[in-house]
Amino acid sequence: MYVKAAYVSCLKKMPSIVDNFSVKRVCVDDFALRKRFSYGTVMVDLDTHRIIDLIPSRDTDDVKEWLKRFTHIEVISRDGAQIYAHAAQKAHPYVV
């Protein structure tokens, strides 16, 4: 777990402070830390094309809790993964 957390922290290329109220449109996608074994989730601001955050998991509850912190989200773009569909529906049921 330590290696995974260190890897994710090194990958972060985001502003030091992200205003949770300014993020309106977000893209959610996964990436492999170690293919077929360990995955993470990347959150990208669709307006600025900047990475907002990286989560060292693609668990539905982890993604849902992250999305809940951003209360002004209007659009969530994601791939066809059911993990992200369920997380988006639970966190923001009326968002496109």
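- When all heavy atoms of Val26 and Met43 are compared, the pair lying nearest together is CG2-CB, 4.3 Å.
- Closest approach of Val28 and Tyr84 over heavy atoms only: CG1-CD2, 3.6 Å.
- Rounded to the nearest 0.5 angstrom, Asp59 CG and Tyr39 OH are separated by 15.0 Å.
- Arg25 and Asp47 are joined by a salt bridge, as a carboxylate oxygen and a charged side-chain nitrogen come within less than 4.0 angstrom of each other.
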Please report, to 0.1 Å, the donor-acceptor pairs under 3.5 Å made by any side chain of residues 60-81, with sequence neighbours excluded.
unit_1, atom_1, unit_2, atom_2, d
Asp62, OD2, Ser57, OG, 2.7
Trp66, NE1, Asp53, OD2, 3.0
Asp79, OD1, Ala81, N, 3.1

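- The NZ atom of Lys24 lies 13.5 Å from the CG atom of Leu46; values are rounded to the nearest 0.5 Å.
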